[in-house]
2 protein chains.
Amino acid sequence: MEKISLYLVEDYFLSRASYKYSLEKFEQIEFLGDFENAQSCIDAMDKKQADIILMDLGLENMNGIEATKIIKQKYPNTKVIILTSHESENEVLACLYAGASAYALKDIPIEKLVEVIKAVNFGANWYDPHIAHIPFNSIPKPQSYEFNNLYPSSDEIKNLLTERELEVLKLLVEGKSNIEIAQEISISAHTAKAHVCSIISKLNVADRTQAAVKAVRTKLF
Amino acid sequence: MEKISLYLVEDYFLSRASYKYSLEKFEQIEFLGDFENAQSCIDAMDKKQADIILMDLGLENMNGIEATKIIKQKYPNTKVIILTSHESENEVLACLYAGASAYALKDIPIEKLVEVIKAVNFGANWYDPHIAHIPFNSIPKPQSYEFNNLYPSSDEIKNLLTERELEVLKLLVEGKSNIEIAQEISISAHTAKAHVCSIISKLNVADRTQAAVKAVRTKLF
DNA sequence: ATTTGTATTACCCATTTGGCTAATTTTTAA
DNA sequence: TTAAAAATTAGCCAAATGGGTAATACAAAT
């Protein structure tokens, strides 16, 4: 069985030594090196690519999120596992956006971490149960569970509405009232209202709030 | 090593037989049963829960998305792997929203499927490379990669508003009027209105539409 | 040349909304 | 125990909203 090669980025010396010591015991793992900052790891990657990088977040100079982004851009085949004690929603999402395959908290037992490494190497993702709700919550809610109208497609809306109506909808989403919309695009309040009525009717919703929510949900604006 | 117990839901008889035949060869897998419709599987789950359910999407009566939702609500510990030929973005997102742990396309080799089953059983997620960009794209783009200003925080709103106000805001986002909100949570229309006013004031917006947009934009709902 | 679709404006009317103040009860925290 | 915060209800009022119909103008398509 092929070994899984691995780099470790962790600024705290003792943690680094401890992980290295623990991980080297596992036969399936080939511990290629450990670094106290992200740049050293990137330099090492330029010479020899690892299958997996264990990445801390709180680092000097370049933080783990930026490092993950750079590494994934240069070496998309290398998988990054975030290994940190940070649990903030923002940091988790930013890491995943940057391309991390897994997010582990530092209290993870070493045996479990090895399982995560194997799963990630296979192509899976893994999120620590404490933060797993965060990526899950970023999945948009479908309108229903029927095949036909799961999500309103943004193209659908674009085709349904006229140019002018889309213009009005955009302002509506920005929170403008009918009168403000009218002023913005230099039409009468009556016209603005007519457009809004038309939008509401075409989108098949009850009021402007739902129209705005629908537009935002479909990533139209 | 503990075996991984498994149900299979697939409407096409030949596919079902083929998967059953193939999967039963693997020692780590305990094939508990196969069903041509989702309800039969749910009924079976009520008697004996499986670790993993392989779920087709296009089924008679109840489709695989609905089935996944129901199963995950009743048995959150059971993991669902979608096994289908559908590749539409909407269906993928709806499945994941419903709680599926993995999404495999039917051309997957059986050995790979078994690896997916093992990874999912461990707690990982897996998305077929053909559709992996879909959940990835649902992760919102951070404003920067600096720790401080990654995203406008939804925690901010959560802290600002009371429990009750968050409840009302959720209904507001769903497009409910004050009266409907009142009925929904069994309070008077006056109270519902008071909550909405308070929300508008606290979020520092002009009206309910802006409040809804702000909530959706910050991924609060 | 005529139809069609869109944009524009207008009016009427019932309902909803948002701002304001104020009182009572419940819950929570100090 | 007392004080503060939150939830509940109420009434008043001006403004905004949404539904309906309808007329005019203009451009594009048939």
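Proteins get letters first, then strands, A, B, ... in listed order; numbering begins at 1 in each. The analysis underlying the following values was restricted to heavy atoms, covering all of them including side chains, and did not include hydrogens, waters or symmetry mates.
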Subject >> Basic-acidic side-chain contact under 4.0 Å: A/E10, A/K20 >> reply: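 Looking at A/E10 and A/K20, the cut-off is not met.
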
Subject >> Under-4.0 Å salt bridge between A/D11 and A/R16 >> reply: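 Not counted as a salt bridge, because no side-chain N and carboxylate O are separated by less than 4.0 Å.
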
When the distance from [atom1] of [X] to [atom2] of [N] is rounded to whole Å, what number comes out?
| X | N | atom1 | atom2 | result |
| --- | --- | --- | --- | --- |
| B/K176 | D/dT17 | NZ | P | 22 Å |
| B/I179 | D/dT9 | CD1 | P | 14 Å |
| B/R164 | D/dT8 | CZ | C1' | 9 Å |
| B/E163 | D/dA5 | CD | P | 18 Å |
| B/Q210 | C/dT17 | CD | P | 16 Å |
| B/H195 | C/dT26 | NE2 | P | 15 Å |
| A/Q183 | C/dT8 | CD | C1' | 17 Å |
| A/K202 | D/dG18 | NZ | P | 17 Å |

Looking only at side-chain N and O atoms, does [X] come under 4.0 Å of OP1 or OP2 in [N]?
| X | N | result |
| --- | --- | --- |
| A/R208 | D/dT17 | yes |
| B/N178 | C/dT17 | yes |
| A/S188 | C/dT9 | yes |
| A/T191 | C/dT8 | no |

Subject >> Between the first and last five pairs of the helix from C/dA1-D/dT30 to C/dA30-D/dT1, the angle of the axes, rounded to 10 degrees >> reply: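 It comes to 60° between the two terminal axes.
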
Could you go through nucleotides 19-21 of chain C and list every protein N or O atom that sits under 3.5 Å from one of its N or O atoms, giving the distance for each pair?
unit_1, atom_1, unit_2, atom_2, d
C/dG19, O6, B/K193, NZ, 2.4

Subject >> From D/dG11, C/dC11, C/dT16, nucleotide with atom closest to B/H190 side chain >> reply: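 Within the option list, the nearest is D/dG11.
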
Original post:
With respect to the side chain of B/S177, which nucleotide from C/dT17, D/dA7, C/dA7 is positioned closest?
Top reply: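 The answer is C/dT17.
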
Original post:
Regarding B/D46 and B/Y75, is there a side-chain donor-to-acceptor distance under 3.5 Å anywhere?
Top reply: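 A donor-acceptor contact under 3.5 Å links the two side chains.
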
Original post:
Do you know which of B/H190, B/Q183, B/R208 makes side-chain hydrogen bond (donor to acceptor under 3.5 Å, both in side chains) with B/N178?
Top reply: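 Considering B/H190, B/Q183, B/R208, a side-chain hydrogen bond (donor to acceptor under 3.5 Å, both in side chains) with B/N178 is found only for B/R208.
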
Original post:
Going 5' to 3' along nucleotides 21-30 of chain D, which nucleotides have protein heavy atoms under 4.0 Å from the base (write B), which only from the sugar-phosphate (write S), and which from neither (write -)?
Top reply: ----------

**OP:** Please confirm whether the backbone N or O of A/G175 pairs with a side-chain atom of B/Q210, one donor and one acceptor, at under 3.5 Å?
**Re:**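 Yes, B/Q210 side chain to A/G175 backbone: donor-acceptor pair under 3.5 Å.
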
